[in-house]
Structure formats: C-alpha cells, structure tokens
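Just below is one structure, and these are the notes that go with it.
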Amino acid sequence: MLRAYWRRVRRIGISHLTEAAMDEMEEELKCPVCGSFYREPIILPCSHNICLACARNILVQTPDAESPQSSRASGSGVSDYDYLDLDKMSLYSEADSGYGSYGGFVSAPTTPCQKSPNGVRVFPPSVPQPPPQQHLLPQPGSLPPIPRNSCITCPQCHRSLILDDRGLRGFPKNRVLEGVVDRYQQSKAAALKCQLCEKSPKEATVMCEQCDVFYCDPCRLRCHPPRGPLAKHRLVPPAQGRISRRASPRKISTCTEHELENLSMYCVQCKTPVCYQCLEEGKHGTHEVKALGAMWKLHKGQLSQALNGLSDRATEAKEFLVQLRNMVQHIQENGVEFEACLVAQCDALIDALNRRKAQLLSRVNKEHEHKLKVVRDQISHCTVKLRQTTGLMEYCLEVIKENDPSGFLQISDALIRRVHMTEGQWGKGTLTPRMTSDFDLTLDSGPLLQTIHQLDFVQMKVPAAPMLQLEECCTQNNSATLSWKQPPLSTIVVDGYILELDDGNGGPFREVYVGTETICTVDGLHFNSTYKSRVKAFNASGVGQYSKTLIMQTSEIAWFTFDPASAHPDIILSNDNLTVTCNSYDDRVVMGNSAFSRGVHYWEMTIDRYDNHPDPAFGIARGDVLKDVMLGKDDKAWAMYVDNNRSWFMHNNSHTNRTDGGISKGTTIGVLLDFSRGILIFLINDEQQGPVAFEGLEGVYYPAISINRNVQVTLHTGLPIPDFYTPGEADPTGSVC
C-alpha cells in the first residue's frame, strides 16, 4: 500500500517536495512555544510535540495543598486544572539558550517577560546569576533535576499533566519529527536565521554547539554572554553548525522506562513501542503486543491509505481554488459590464428627463407669451379708448364755456348722449384685467421623485435552470411525482415554474403545471409508459432554461380501487374501497379510480354474496356514464351482465352474444382490456365467456360494475395477463388464440 501511495505521488508529480510545499510544511515543524524549529522534541500524552528545553521553561510547581500523590505516573491528566494559573511561574534552565541557573523558580520577575508566538511566557534574568556552589552543572544533553509536583501544560490543547520522579524523561522523544526537521533544514539553502529574535529574525552569526542554538549578534550578547558557565561554550559559524548538525549520528531509540533496553515490540493496548523488559517486569506484561517491524509496516500502510483520501481532498481543494479564482475574474468582468450597463441606463433616464424638461419649458414659454400678448392688447385698447374719452371731456368743457345759449342747446343733446355712451363703454369688466399674472401650471414632480428614491436594482436576468431532486422524484401506479429546486448559488428572483411532460410515447412536451410550488404530482398517466419531464423557471424578465430531462417509467401493472367520489350515493364501499355492495334494489354503478387508454390490463372480481339471482354487470365505462341504471344501458359503457345461468354483452342497451354459464357465490369474473387490438374480453372462473365482447375500443375508459343490494363484490387488481392470452393474436372467428 505504501508503494502504491508513492507511485501515485510520483504520478501526480510531487515525488519530491517543491519549494512551495516545503514552505507550507514549515509550520508543522515549529515549536508552539518558541516558534522555532523543534529541537529535541518530546511527545506529550495528548500527542502534541514540544521542544525539550521549552518543556522545561513552561514547567510550574503545584501548591502542596493541591499537589496529587507523588506516585502519579508521568503523563497522567489533571482534571479541572486551569492552565492559566499554571503559567504564573516559569522554570528556565541554562540548557535553553543560557537563560540562567538550574532548579529555581521565578515568582515575580522584575524584567519584562518574553513571549513565544503562542503567548507562553518565559522570563529571562536581567543579570545572569552564578549557580550556587552546592549545585553541580549538568553535562551537555543531560536533564536538570525537576522539582517535586512539577506540572506541565500543553501549549496547544491546554491539558495539564503532573510529572513523576522521572520528570521530562518520562516523555518519549519524537525522533521522526527531529529527522524531518533536520532534512528540511538541510534542504534550505538560504541564510540561517536567529532563533531568538521575536520579530523579523535577523541572520545568524554564530551557533553554540552546547546550546544547539543559532544567534544573531544582539541576541548573543543579551542571551549568551561570554561569562560564567557560558564562557566554556563553543561558538562556531552558522554554516559549520549546520554541518555538525547533519553529521551528528542518529541515536538508537531506547525505552523511557529502561534506558539500557532498545524498543523491540509494540503494545497494542497502550499504542506505544516497548522493550523486552517492559513485557517481563513492567505494566505491559498482560497487554497484547506485536512485533515492532510488523506494526511499523501496518501503520505506514494505514497512513498511506489516509493520505490517499487526503490527497483527493487536496486535489479537490486545488480545483475549487481554481474555480474561485476564475470566479474572481468573472466577477470583475461582470462588475465592469454591470457598471457600464448601470451608467447607460442612468444616462438614458437623464436624457429622457432633459427631453421632458425641454417640453415643459416650451409649454411655459407659450403660456408666458400668451399672457403678455393678452395684457399688451388690453393696454393698447385701453390707451386708445382713454385718449378718446379724454378728448371728449376736454371738448365738452370748452363747449360749457360758450355763452351762446341757442348754440349750446343745438349740440348739448348730442354731447350728452356721447358722454353717456362713452361712460357706458367703460362699464363693468372694462377695467378688469383679462389675464392674471400668475401661471396656472404646477409641476407634479412628487411621483417622479418617489420613483427616483425607489429606484433600485431588480432582477435583470431570467432564472437559472432548476435542478431536479432525483431522490424525491418517483412514480407510483400511473402517477408521477417530481421535485426540483433552484441552484444553490442562484440569487435570481423566481416568480414561478412550468412543468412539462410528453405524451409517454415520444410525442411533444405539454405544460402540466404552472405555479410557485417546487413539487408536483401528475395523475392519470398511461400505465407501462415512459415519460420525459422537464421544468423551467420564470420571472418578470422572462423564462429561463429547461432543467435536465428526467425519464420516468409508470407501473406495468395497474393497481386501483373503487372510487367513492364518482360512485352512486347508494353504493356502499368497505375493505379500503375494494369491496362494494348497494342498499338499493335498483342497479347502481361504481367505477375504478384509475383510467386506461394504452396497454393491456386485467383485473378480477370475486362474488362474495349472491342472493335472489340478480344480474350484476361488469365492464368499462366513460367518465360520464349514467350511475342509476344497469351498466351498458347507455352509450358510455361496454359490459357483460350475467345471472345464475347465462350472460349477455350489452352496449347502448343492445344485448348480444347470449352465452350459457352463470355465477354464484365465490365465482370470479375477469375483465381483459387490450388497447393494442382495441378489444374487451370477459372470463368466468378463468375461462373465456363467449367470443371477444367488443372491438374498436379507443380513448379513455374506467373499470366499472353495476350491482344491487343482493350482490357483494371484491376487486382484485395488479394481476398478470392470463396465460392463455397473447396480445395481438386472434383467429378469424373472433375467439382469442
């Protein structure tokens, strides 16, 4: 399986990590505390990794009153322990970049604390203190003593763990991760960076072989001063330090419980490698164990299989990202197009408003000119009349000054009449303006302003093609149920849907539903027929595209019951509308709830009760058959009526083909309707009764019977065609072959 995975990896072109893939992997290789590449990583019980030095830095000591038993095993969980409280004190050691002396706790540092990328606090001393004389410095690579009741909190999942007497040595080392980090760093040709810079790491200038840390000059002077115990450390150039890292031999994995024993077995229950002594003396003695090599191959195969699925998801994610990037381009293009369309539409509205403005201004100018003309004409008329009146008045005054009585009297009457006539010309209305100065025009801009304020985006596109819900589409008997929905990302408003079906025989489509619902059941289809269906959506902008065409097959065999809705009121139905009788002595008609117009159909009726030798009728009928007479009396039914001795065929009250053989209680009446030949055949107790009853049948017919109160019949449907009958074959005499 592992080989198959790598073959697949090579096939898709990533047999070697690309620079981009390595950059993406880099986050997996960095410690969550220091933010640098893992150095001597250990595996916590929660499966997360942490640098050994960083683990010592975040150790805290639990209070005595709350400390658990000293016999607690390494890696056991502490319930309800707040990791924030555990971080109030931090232990720092010389092995971690020369931060200070071993074995002490800092409770209230006076110097600012440093924070790792995930916020875990580390307190470097402002002035390095020499170690007490009674403490011996540990050798490089060894662990300092761990105080009792020490606790460590995972910086990722925040699970708190109490350490036992073994301290951090109780946690296994992640040699695989360490090897991956080494290979990753070897593949990087760029300049080595300082591992202690908080932001924008500078280029490293030296590496301490004892601390195994790369320093820039400021960090070396601050964190690795050349005095005290650090003066004995050997500083080398970064390139030489990289070579020494590569050349360091890989240590053989040994048991954390028994340091002299190599790991050789795998405990299935604990899911951890164990040594031989663990099986003999340790807690794994009763556990199921397997060979380390076999489990190594098994887990590699499982990881490879998991990678196959993850690779598929990654491929899908890449394709999805390509799709999203294409969407970005399409959105930009559509945005530019839509913006241009919006500007064009607004410009068109502005042009229309300007044209209307010009028309209204023209009307105002006409009204203005009309008013001026009327007023000016009135001014001219009044001016002429006033001059005439003034002249008459002056003339009259001069006449009055004359002292000749006889001469005055000769013209006085005429002057008096002229004065009265002139005064009458200045009568009512003469001194009233013919035109007002106000303009009786008011521009009603309110509706337009309201329309402008309401101007907003409406759906400018027709709806997308609906998607048929195949899991909800089905056929039952001669009915078809279809369900659909709009595409998930479609935001286009839909006013309704149009569902179309063909005729079940390859004919043209026709509309069977128009409305807002997204599910529709179509009844009355042909049995044993193949229908094509499709649906489309519409809104105010138009009709959208059709959905994909769905092909549906109706039932080959008809299942139906008697129809209480179309039955005569005297009919009594029971047994889920399969059993029928009547409360009248007269014949009453009841039909089935399914209609036939195509195919070959066969159903039977059993006589449950037969009293006083009535003559029930069995056959087919149109939907508008008479319900209060014997079946076959009108031209809407084709039937066989039968008593206890013989039977007749009847249509439109015409009786034909009297045949011996009657019915009794328990008799079975069969009706066979074959549209391929257009014939109707009757059977009594599985034997054909007489010749072919009727021929040339076309159209839509319902199963039907007529009975009175002396008969009770039970219907049986969904039956196969009788063995003796072969559709489409008949002899010249009319009997079925």
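All residue numbers in this chain count up from 1 along the given sequence.
Annotation: E316, atom CD; neighbour count of heavy atoms from other residues, nucleotides and ligands within 6.0 Å is above 12. In L324, the CG atom is crowded: over 12 heavy atoms of neighbouring residues, nucleotides or ligands sit closer than 6.0 Å. The number of heavy-atom neighbours closer than 6.0 Å to CD of E28, taken from other residues, nucleotides and ligands shown, is 12 or below.
Interatomic distance, CD of Q269 versus OG1 of T286, reported as 7.0 Å (0.5 Å rounding). Distance SG/C216 to CZ/R222: 8.0 Å, rounded to 0.5 Å. The CG atom of L52 lies 10.5 Å from the CZ atom of F171; values are rounded to the nearest 0.5 Å. Atom NE2 of residue H287 and atom CG of residue L279 lie 10.5 Å apart, to the nearest 0.5 angstrom. Within the model, atoms CG of L303 and CG of N308 stand 10.0 Å from one another, a figure rounded to the nearest 0.5 Å. The CD atom of Q277 sits 4.0 Å away from the NE2 atom of H258 when rounded to the nearest 0.5 Å.
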Discussion item. One pair to check against side chain to side chain contact (heavy atoms under 4.5 Å, CB included): H224 and L230. What are the steps and the verdict?
Written reply: CA-CA 7 Å; H224 200 284; L230 300 179; 4.1 Å; yes
Worksheet entry | CA sep, side-chain torsions, deciding dist, call: V213, R39, side chain to side chain contact (heavy atoms under 4.5 Å, CB included) | CA-CA 9 Å; V213 176; R39 302 184 302 278; 4.0 Å; yes
Item to complete: Go through the steps for N49 and I43 under the test side chain to side chain contact (heavy atoms under 4.5 Å, CB included), then give the verdict.
Response: CA-CA 5 Å; N49 300 285; I43 306 174; 3.6 Å; yes
Worksheet item: Should M552 and S533 be marked as a side chain to side chain contact (heavy atoms under 4.5 Å, CB included) after you check the CA-CA gap, both sets of side-chain angles, and the distance that decides it?
Response: CA-CA 8 Å; M552 300 179 296; S533 59; 3.7 Å; yes
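No donor-acceptor pair closer than 3.5 Å links the side chain of N174 to the backbone N or O of P41. The closest donor-acceptor contact from the side chain of Q195 to the backbone of F214 lies under 3.5 Å. In this structure, the side chain of Q210 engages the main chain of R234 through a donor-acceptor pair within 3.5 Å.
For the residue pair S483 and E472, a side-chain donor N or O sits within less than 3.5 Å of a side-chain acceptor on the partner.
Taking both residues in full, the closest heavy atoms of Y38 and C31 are given as CE2-CA, 3.6 Å, listed atom of the first, atom of the second, then distance. Nearest heavy atom pair, residue I58 against residue T153, reads CD1-O, 3.5 Å. When every heavy atom of L235 is checked against every heavy atom of R220, the shortest pair comes out as CD1-CD, 3.8 Å. The two residues L177 and L29 have their closest heavy-atom pair at CD1-CD2, 3.8 Å. Considering every non-hydrogen atom in both L292 and L263, the closest pair reads CD2-O, 3.4 Å. Of all non-hydrogen atoms in G35 and K30, the two that sit nearest each other are O-CD, 3.5 Å.
Taking 4.5 Å as the limit, every side-chain heavy atom of W484 sits out of range of all side-chain heavy atoms of S547. By the 4.5 Å heavy-atom criterion applied to side chains, T272 and P172 are not counted as neighbours. By the 4.5 Å heavy-atom criterion applied to side chains, Y497 and Q486 are counted as neighbours. Looking only at side-chain heavy atoms (C-beta outward), E40 and K173 come within less than 4.5 Å of each other. In this structure the side chain of C520 never reaches within 4.5 angstrom of the side chain of L482, judged on heavy atoms. Within the 4.5 Å cutoff, the side chain of P488 has heavy atoms near those of the M467 side chain.
Taking the ring-ring contact (aromatic ring centres under 6.0 Å, His included) definition, one finds that H299 meets it with Y266, sequence neighbours left out.
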Atom pairs and distances, side-chain donor-acceptor, residues 331-338, under 3.5 Å, sequence neighbours left out:
residue, atom, partner, partner atom, Å
E333, OE2, Q329, NE2, 3.3
N334, ND2, H330, O, 3.2

